[in-house]
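Lettering of chains follows the sequences in order, A, B, ..., and the numbering in each one begins at 1. Everything numeric in this text was worked out from a predicted model, so none of it was measured.
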2 protein chains.
Amino acid sequence: MPKRKAEDNRLARSPTMADIARIAGVSAATVSRALAGLPPITEETRLRVAQAAKEAGYAVNRHARSLRLKRSKVMLVLIPNLANPNFPDLLMHIDRAAYDCGYDIMIAHTAIDPHRSDRYVDELLAGGLDGVLLTANYCPPKLLERISAGARLPIVRTLSPTPRPDGISGVQIDEEKAAYDVVDHLARQGYRRIAHLGGPPKEIVAIARKRGWEKALSDHGLDAGSDLYVSAGFLINDGRRAGAELGRSTALPDAIFCSNDESAYGLIAGLKERGLRVPNDIAVAGFDDLSFSAVLDPPLTTVRLPRREMAEKSVWKLRALIEEDTPNDITILEHELLIRSSSIRN
Amino acid sequence: MPKRKAEDNRLARSPTMADIARIAGVSAATVSRALAGLPPITEETRLRVAQAAKEAGYAVNRHARSLRLKRSKVMLVLIPNLANPNFPDLLMHIDRAAYDCGYDIMIAHTAIDPHRSDRYVDELLAGGLDGVLLTANYCPPKLLERISAGARLPIVRTLSPTPRPDGISGVQIDEEKAAYDVVDHLARQGYRRIAHLGGPPKEIVAIARKRGWEKALSDHGLDAGSDLYVSAGFLINDGRRAGAELGRSTALPDAIFCSNDESAYGLIAGLKERGLRVPNDIAVAGFDDLSFSAVLDPPLTTVRLPRREMAEKSVWKLRALIEEDTPNDITILEHELLIRSSSIRN
DNA sequence: GTGAAAGCGCTAACAT
DNA sequence: ATGTTAGCGCTTTCAC
């Protein structure tokens, strides 16, 4: 192999439209039209240009295009907490749906630095981004300001319900109803002392799920006494701690509805450490339907979050907001109760 | 609230440098320098400009900047399989490290469409992207072409080891050695018939892990008979199926090293379904250290993948490649054997 | 220390 | 059907 000078290693600057134009013997404007497949052009030149572009390994420079069009074909996904195990799945479907619509996605994990999300709002406004997908309740204050000032920005919230009408479009499930369904199922199984392992008390989903629990108990004429409610976190270890503590001072419940699958995993581990059997000594149900829930010992009764539909619908909604200036609205998706052995006495 | 005309809803076009220049009573060039904090400028004007920018809610237009600088401050993360549960963690740290270096990340899930990755290679070359982080063995053929033609492109591979020297920088662990350590541990526990639930036979990590298993057996004078090797997939259900089948026709092994944690989860579930106890009837070990592995019943012996270090080091390496034209190289990180009860007879 | 001007690569209005 | 031209918003010489 011949020796090369250092500069040769960096490939010659990649071709621009002007280069392709020269090769194909047309003007840059024609190249642009040909590649975009826009009408006033002969099939023959279109082919010739396509050929030249392909051979030269040409790709449009996205920044030049975005600058000109004032549209970037990029959606930003704001993720408060990537450790949330709903994400891989959600993100996968978001990516897929966005790709199918011709968008690329940028992601930003906002838990790190609260100022970070504000920067992206500025970018959105400055034209660097076409839209924002919020995968949580949290919305940068700057955004809310603009919106309440009457701006119609391309933003969609998913995974988390809307705290209260705030002018942001959403794709969500009825969290309270879903929680109700779980507890209703437990009650119908004959459980009477149905406890709730709640999530962080300020989290909107935790609040909604707790409300569903209360309502179902009340509808079944059951008691939601304070010894039946434990506030924990959403993590495995939060559940484990609760499992180790639960009922130490008072009577054990006979079933526990956990605010999410992860805390249920921990709870079950904690109960087992104490020698209790699930579901025979105590039934357990979760919420989310993470993939591990099906192979847990015992398999976990839970609510299936329609992650794929959430992802797709929110991308589509965002696209509509970007491209068609549609009105804001909230879409409620169906959830599904998955009954597995953790809640069925055998 | 006063009624607005439709147009008023779209906020007035967001400010550009020219606007800020006008407000601050300077030229656009000065604004640019002031905001960048570049030398020949008085502290006083710098402040005045900063003030004006802040009040106007100014943000630079990333596309205009990228076009001018021929540098976008965007790294693309190519993800072959987002369902891989190593990702949330890895991605979180990648995002964090990139943010700290002033980069944004775009993600592209390549499993969907094999042509997709080629598009990004063109974009990389066209200046739309600064660099690419491959989170798998797979590398777009177009990339390999360029590289073997002598191009030094800013690309880093992580999570997966390099198949063979291919000119791409990497951040990885010694997969074979790590597998060796697991099997060595099992052998030292006194297990003699140590089986391997291997991953897909063409996957590079599966090959390396299998090789580690063979080597450790051989070093301990143990047999790696064909009845001790089962090829499966990396998913829970693959393991479960294996667990249901294992030893049906021949004697059961007394320990099984699974090529990843997920298949180990399934395997354990499958064994339990057959009434076998882990580890007393059969010991199990995995590879990856997913967060659930610690709360599994029993907690799973496994290898900790240094996901955070992988993420950070690969981002740093990519940055160096982009900004400093450093040579390609491979970094091997330390792994750690996590011994938990699934491999310790009680 | 600051301003004027050029130009990054592209697309769209207008001319031919 | 195709070419010419202007300009998107920014940074950076080069003058002053």
It should be established whether [X] places a side-chain nitrogen or oxygen under 4.0 Å from OP1 or OP2 of nucleotide [N].
X: A:S32; N: C:dT11; answer: yes
X: B:Y58; N: D:dC10; answer: yes
X: B:K70; N: C:dG9; answer: yes

- For the helix from C:dG1-D:dC16 to C:dT16-D:dA1, how many degrees between its two end axes (five pairs per end), to the nearest 10°?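 One end axis against the other gives 40°.
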- Item | Option among A:E309, A:R157, A:K313 that satisfies the side chain to side chain contact (heavy atoms under 4.5 Å, CB included) test with A:V171 |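 Output: one option passes, namely A:K313.
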- Applying the side chain to side chain contact (heavy atoms under 4.5 Å, CB included) test to B:D130, which of B:E323, B:R71, B:M75 qualifies?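 So the option named by the test is B:R71.
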Distance check needed: [N] [atom2] versus [X] [atom1], whole Å only.
X: B:I20; N: D:dC10; atom1: CD1; atom2: C1'; answer: 13 Å
X: B:L125; N: C:dG9; atom1: CG; atom2: P; answer: 14 Å
X: A:R68; N: C:dC10; atom1: CZ; atom2: C1'; answer: 7 Å
X: B:H63; N: C:dT11; atom1: NE2; atom2: P; answer: 14 Å
X: B:E123; N: C:dG9; atom1: CD; atom2: P; answer: 15 Å
X: B:L69; N: C:dG9; atom1: CG; atom2: P; answer: 12 Å
X: A:R62; N: C:dG9; atom1: CZ; atom2: C1'; answer: 14 Å
X: B:R65; N: D:dC8; atom1: CZ; atom2: C1'; answer: 16 Å

How close do [X] and [Y] get, heavy atom to heavy atom, and via which atoms?
X: A:L318; Y: A:P154; value: CD1-O, 3.2 Å
X: A:D122; Y: B:A59; value: CB-CB, 3.3 Å
X: B:A28; Y: B:A21; value: N-CB, 3.6 Å

Report, one pair per line, the protein and nucleotides 1-5 of chain D atoms (nitrogen or oxygen only) whose separation is under 3.5 Å.
from  : atom 1 : to    : atom 2 : distance (Å)
D:dT2 : OP1    : A:T42 : OG1    : 3.4
D:dT2 : OP2    : A:T42 : N      : 3.0
D:dT2 : OP2    : A:T42 : OG1    : 3.2
D:dT2 : OP2    : A:T45 : OG1    : 2.9
D:dG3 : OP2    : A:S27 : N      : 2.7
D:dG3 : OP2    : A:S27 : OG     : 3.1
D:dG3 : OP2    : A:T30 : OG1    : 2.6
D:dG3 : N7     : A:R33 : NH2    : 2.9
D:dG3 : O6     : A:R33 : NH1    : 3.1

- Where the side chain of A:M17 is defined as all heavy atoms beyond and including C-beta, which of D:dT12, C:dT11, D:dC10 is the nearest nucleotide?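 Nearest listed nucleotide: C:dT11.
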- Please determine which of A:T158, A:N328, A:T326 meets the side chain to side chain donor-acceptor pair (under 3.5 Å) test together with A:S169.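 The option that passes is A:N328.
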- Are the side chain of B:H63 and the backbone N or O of A:S72 linked by a donor-acceptor pair below 3.5 Å?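 Checking the backbone N and O of A:S72 against the side chain of B:H63, no donor-acceptor pair under 3.5 Å is found.
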- Query: Within 45 degrees of the axis of the six-membered ring of A:Y99 and under 6.0 Å from its centre: does B:R116 put its NZ or CZ there?
  - Reply: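 Verdict for A:Y99: a cation-pi partner in B:R116.
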- Task: In sequence, state the C-alpha distance, the side-chain angles, and the governing distance for B:V31 and B:V26, and then conclude on side chain to side chain contact (heavy atoms under 4.5 Å, CB included).
- Result: CA-CA 7 Å; B:V31 174; B:V26 293; 3.8 Å; yes
- Query: When all nucleic acid strands are considered with a 4.0 Å heavy-atom cut-off, which category describes A:L67: base, sugar-phosphate, or nothing?
  - Reply: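 A:L67: base contact, heavy atoms under 4.0 Å.
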